[in-house]
> 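Got a structure for you, written out below as structure tokens; questions coming shortly.
What's counted below: heavy atoms across the whole structure, side chains too, no hydrogens, waters or symmetry copies. Protein chains get the first letters and strands the later ones, always in sequence-line order, with residue 1 at the start of each.
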Amino acid sequence: MILQNFKATENEFFKVPTLELARNLLGCLLVKDTDEGVAAGYIVETEAYIGPGDRAAHSYGGRRTKRTEIMFHDAGLAYTYQMHTHCLVNVVSGKIDAPEAVLIRAIEPYHGIELMKKRRKMEDLRNLTNGPGKLTKALGISMEDYGRSFAEPPLLIADGFVPDDCVVERGKRIGIENTGEARDYPWRFWIKGNPYVSRRLKR
DNA sequence: GTCTAGATGGCCT
DNA sequence: GGCCATCTAGACA
């Protein structure tokens, strides 16, 4: 199995401030192993959601419910949730009882591309994983992954490339128009010019 | 129990 | 740019 070729990121990797983690996750490999095979891609776009003070976060105001519970736990766990017809995936960050997370918005297909195409029912490489709902479907990430660790199979965040000659850009988050001042926080990070960064040019 | 909005995506005009 | 599928957490009664 090819999975052993991927080295899981050490737990310590996740124990940095959330904005830093959102930045550091760029270039890492996101891997999912299933009965159908292994699929993986480089993370090229993320967004930070920072706990009680962030109106756009599900954990705004310290809201601790069945859904947000996992965000109060250790960094490096998976927070998955259903959005309309899709499942979105976050990396829990922050210390215990600090409900913070990083949304993975886009990846660049790297491994298991045929499997991803099959799952997405399309051939277009560019549209396979360039959005938070698309990448979960392509990788086979679902609500079953809620609470799983990103440091052990079947779900992994592994060392990827170091985006040395890649410029990281930073800007407003997407799709949170009705969240007051939080709307304008520059907590979205992406690799400049990468063709797999999501595009939803709404204001 | 009932109601509503939503960290989206795909198809339509 | 508009519409809507599809569904659940969360709020309120």
> Check for a donor-acceptor pair, side chain of A:Asn90 on one end and backbone N or O of A:Val92 on the other, with a separation under 3.5 Å.
no

> Looking at A:Arg119 and A:Glu36, does any basic side-chain N land under 4.0 Å from a carboxylate oxygen?
yes

> Whole Å only: how far is the CG atom of A:Asp124 from the P atom of B:dC11?
12 Å

> Specify whether A:Tyr110 and A:Tyr42 have parallel, tilted or perpendicular ring planes, treating 30° as the upper limit for parallel and 60° as the lower limit for perpendicular.
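Judged by the thresholds at 30° and 60°, the geometry between A:Tyr110 and A:Tyr42 is tilted.
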
> What is the separation between atom CZ on A:Arg63 and atom P on B:dG6, rounded to the nearest whole Å?
11 Å

> Base, sugar-phosphate, or nothing for A:Thr179, non-hydrogen atoms under 4.0 angstrom?
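Since no nucleic acid heavy atom lies under 4.0 Å of A:Thr179, the category is nothing.
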
> Round to the nearest Å and state the distance from A:Tyr49 atom OH to B:dG6 atom C1'.
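Taking atom C1' of B:dG6 as the reference, OH of A:Tyr49 is at 11 Å.
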
> Under 6.0 Å from the ring centre and within 45 degrees of the ring axis: does the NZ or CZ of A:Arg170 meet both conditions for the six-membered ring of A:Phe189?
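Judged by the rule, A:Arg170 and A:Phe189 form no cation-pi pair.
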
> Mind checking if A:Arg173 touches a base, just sugar-phosphate, or nothing, with heavy atoms under 4.0 Å?
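No contact.
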
> Take atom NE2 of A:His58 and atom P of C:dT8, then tell me their distance rounded to the nearest Å.
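Interatomic distance, NE2 of A:His58 to P of C:dT8: 15 Å.
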
> Are there more than 12 heavy atoms of other residues, nucleotides or ligands under 6.0 Å from atom CD of A:Glu69?
yes

> If you look at every heavy atom in A:Thr129 and A:Ala138, which pair is closest and at what distance?
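It is CG2-CB, 3.7 Å.
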
> Base, sugar-phosphate, or nothing: which does A:Arg120 touch, judged by heavy atoms less than 4.0 Å apart?
sugar-phosphate

> Any side-chain heavy-atom pair from A:Val197 and A:Asn130 closer than 4.5 angstrom?
no

> What distance do A:Glu100 atom CD and A:Phe72 atom CZ have between them, rounded to the nearest 0.5 Å?
10.5 Å

> Rounded to the nearest Å, what distance is computed from the OH atom of residue A:Tyr79 to the P atom of nucleotide C:dA9?
10 Å

> Assign each of A:Asn127 and A:Asn178 to its nearest nucleotide of DNA chain B by heavy atoms, then name whichever residue's nucleotide is nearer the 5' end.
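Its nearest nucleotide lies further toward 5', so the answer is A:Asn178.
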
> Rounded to whole Å, how long is the line connecting atom CZ of A:Arg126 with atom P of B:dG10?
16 Å

> For DNA chain B, which residues in residues 70-77 of chain A have a heavy atom at a distance below 4.0 Å?
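Correct list: empty, so none.
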
> Of all of residues 80-96 of chain A, which get a heavy atom below 4.0 angstrom from DNA chain B, listed by number?
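Per residue number, the list reads A:Tyr81, A:Met83, A:His84, A:His86, A:Leu88, A:Asn90.
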
> For DNA chain C, write out the stems as range with range, using runs of 3 or more consecutive Watson-Crick or G-U pairs with both distances under 3.5 Å.
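The stems are B:1-6 with C:7-12, B:8-12 with C:1-5.
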
> Considering only the C1' atoms, how many Å lie between B:dT4 and C:dC4, rounded to the nearest integer?
16 Å

> In whole angstroms, how far is the P atom of B:dT8 from the CD1 atom of A:Ile176?
9 Å

> How about A:Ser198 and A:Arg105: does a side-chain donor come under 3.5 Å of a side-chain acceptor?
yes

> What is the distance, to the nearest angstrom, from the NZ atom on A:Lys134 to the P atom on B:dC11?
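These atoms are roughly 10 Å apart.
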
> What nucleotide among B:dA7, C:dA9, B:dG9 has an atom nearest to a side-chain atom of A:Arg67?
C:dA9

> Would you say A:Glu47 and A:Trp187 are linked by a side-chain donor-acceptor pair, where the criterion is simply a distance under 3.5 Å?
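On atom types as modelled, these side chains do not qualify, holding no pair under 3.5 Å.
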
> Do we get A:Arg67 above A:Tyr81's six-membered ring, with its NZ or CZ under 6.0 Å from the centre and within 45° of the axis?
yes

> So, the side chain of A:Lys32 versus the backbone of A:Gly140: is there a donor-acceptor pair under 3.5 Å, distance only?
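Judged by distance alone, yes, a pair lies under 3.5 Å.
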
> Looking only at side-chain N and O atoms, does A:Arg188 come under 4.0 Å of OP1 or OP2 in B:dA7?
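No, no such contact exists.
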
